[in-house]
Amino acid sequence: MAAAAAEARVFLEVRRRLQSALLILGVPDEGGLPMDVCITPTSLQMKSPGGCTELWLPAGVRLVPSSCRGLRHVAGDGLHLRLQARAEFCTKLISVFNQRSQAQECCTFYCQSCGEIIMRNRKLLRVLPLPHENWGALVDEWCCHPNPFANKPLHPQENDCFTGDCFFLVNLRRDLQQPRPEVAPVETRCLSSENHLKMKPKANTKVICKRCKVMLGETVSSETTKFYMTEIIIQPSERNFPIIPRSQFVQSVIAQCLVELSSARSTFRFTLQGHDGKAYILLWLLNSDTLVIEALESSTSIKKFPLLEDLLKADSSSAWNAVKVLYQPCIKSRNAELASSWESDVSVHSLTLPSATCLELLLILSRSNATLPPSLRCMNSFQVAFLKM
């Protein structure tokens, strides 16, 4: 991208299935100056007396200049227009778990935050998806005899890995005599029969990384551990630990979970709650076929947030696949009435993550919302954000 002193913002949202695009051309500070806009199938160019801004589209993305319509000026944004677009642009997703390729292979489990090895050279003979959380009730409807699976939890065997909506279940029997992640000590106050408060140990369930102290999961039984997908990277043992920026990894994992659940269960509304049972975010998936392309002067203000380190790029133009979501935060009793109504709605699916990760995701969503053109930041009282895939 070649830019001059009077660089203007370019924001392009492409919908693959609809073959349409929304183009927003931000007017520089000296917005009163005349500006010429030139749109070609592969590039955008804005010229003004102060300079020129040019954005080349990624390979596989083509615009149809003759289809431009709906040109209007929106205060605070600039020029809005819609046009036809064709996009074949696709980036390689961060795979949370490739069942076909990694079954039968020796795998190593890493802490995503610091790279600490959690389990080494574990051969997974079976990688199986867990049934729906209400599968027991469905069996009752299908069977003409008593449910043979009643009160029988599904626990993986030694070489199994069961995958849930956003977690893995693995058997640690073989690792019981080897160094393991720490189990955080927890104490709780309880009322004794003598009506005195006493400190009583609570069952230790939190699994903590020994190196960085991040919560990785929870113990389900003496041999079974649940690891959250947002905290663990599983790699074939012959490969090295992949260094992926934390915010990029969290976005990709959550985006894939939302897409898979919406496709499998026709569920588009989600409640993200922490391991403490508290609701943190209400999410509403709008679409998953979006390609976002933008050019913007780099900002130094985001250097204050290490979580967003992948946003600090030398090049001020970028393009990425994304899911578009509406969200509402629920921390500090915000939107309590809406959260309560969602929790009682059977069409809303609940996802559980470590509480710290829920806060990370809320920060990522807030940052995404703040970087959107002002007119796109809200919709029907919800805030709008994009999660990179």
Side-chain angles (χ1 to χ4, degrees), residues 1-31 33-93 248 251-252 255 259 286-298 310-311 313-325 368 371-377 379 384-389:
M1 172 183 170
E7 185 176 11
R9 173 171 185 165
V10 179
F11 179 87
L12 181 65
E13 178 186 352
V14 180
R15 294 288 308 278
R16 290 188 182 85
R17 295 191 184 96
L18 301 179
Q19 294 190 354
S20 66
L22 169 64
L23 175 61
I24 299 178
L25 303 175
V27 180
D29 292 338
E30 54 274 17
L33 298 177
M35 182 172 61
D36 293 329
V37 178
C38 178
I39 300 176
T40 72
T42 58
S43 67
L44 304 169
Q45 188 179 79
M46 292 189 295
K47 294 181 180 180
S48 68
C52 173
T53 298
E54 187 173 19
L55 174 68
W56 291 92
L57 303 180
V61 180
R62 294 290 184 273
L63 301 179
V64 182
S66 60
S67 66
C68 292
R69 66 188 187 280
L71 178 64
R72 61 193 177 99
H73 181 271
V74 177
D77 281 2
L79 297 177
H80 283 226
L81 61 100
R82 295 188 177 274
L83 66 166
Q84 293 180 9
R86 298 178 179 87
E88 300 174 359
F89 181 87
C90 184
T91 58
K92 184 178 180 181
L93 299 179
Q248 179 184 346
Q251 288 184 75
S252 180
V259 172
L286 284 186
N287 59 66
S288 58
D289 64 340
T290 300
L291 173 65
V292 177
I293 305 169
E294 66 176 342
L296 177 65
E297 286 184 296
S298 59
D310 58 307
L311 297 177
K313 300 179 180 178
D315 189 359
S316 58
S317 62
S318 58
W320 62 87
N321 294 307
V323 297
K324 188 175 184 179
V325 298
S368 172
T371 57
L372 292 176
S375 66
L376 301 185
R377 294 176 187 173
M379 182 183 297
V384 182
F386 290 94
L387 290 176
K388 298 182 182 180
M389 298 184 67

The criterion is side-chain contact (heavy atoms from CB on, under 4.5 Å); which residues satisfy it with Arg72, sequence neighbours excluded? Val74, His80
Name all residues meeting the side-chain contact (heavy atoms from CB on, under 4.5 Å) criterion together with Ala85; count only those two or more places apart in sequence or in a different chain, and write none if there are none. Val14, Ala21, Leu63
For the residue pair Arg17 and Asn287, establish whether any side-chain heavy-atom pair is separated by less than 4.5 Å. no
Any Arg86 side-chain heavy atom under 4.5 Å of Val64 side chain: yes
Once rounded to the nearest 0.5 Å, what's the spacing between atom CG of Leu55 and atom CD of Gln45? 11.0 Å
By side chain to side chain donor-acceptor pair (under 3.5 Å), Arg15 pairs with (sequence neighbours left out) Asp289
Taking every non-hydrogen atom, the tightest pair across Gln84 and Arg69: N-NH1, 4.5 Å
Measuring from Phe11:CZ to Leu25:CG, what's the distance to the nearest 0.5 Å? 12.0 Å
May I have the list of side-chain donor-acceptor pairs in residues 37-44 shorter than 3.5 Å, sequence neighbours left out?
from, atom 1, to, atom 2, distance (Å)
Thr40, OG1, Thr42, N, 3.4
Thr40, OG1, Ser43, N, 3.0
Thr40, OG1, Ser43, O, 3.3
Thr40, OG1, Ser43, OG, 2.7

Pick one: which of Leu79, Leu376, Val10 meets side-chain contact (heavy atoms from CB on, under 4.5 Å) with Ile24? Leu376
Minimal non-hydrogen separation, Leu372 against Arg377, with atom names: O-NE, 2.7 Å
Of all residues at least two apart in sequence or in a different chain, which pass the side chain to side chain donor-acceptor pair (under 3.5 Å) check with Ser375? Asp77
Where do Val323 and Ala255 come nearest, in terms of heavy atoms and distance? CG2-CB, 3.8 Å
Non-hydrogen atoms of Glu294 and Trp320 that approach each other most closely: OE2-CH2, 3.1 Å
Can you tell me how far apart CE (Met389) and CD (Gln251) are? Round to the nearest 0.5 Å. 11.5 Å
When you look at CZ of Arg62, are more than 12 heavy atoms from neighbouring residues, nucleotides or ligands closer to it than 6.0 Å? yes
In Å and rounded to the nearest 0.5 Å, what is the CG to CG distance from Leu83 to Leu71? 11.0 Å
For the residue pair Ser368 and Phe386, what are the closest heavy atoms and their distance? OG-N, 2.9 Å
Sequence neighbours excluded, which residues qualify as side chain to side chain donor-acceptor pair (under 3.5 Å) partners of Ser288? none
Nearest 0.5 Å please: distance from the CG atom of Asn321 over to the OG1 atom of Thr290. 9.0 Å
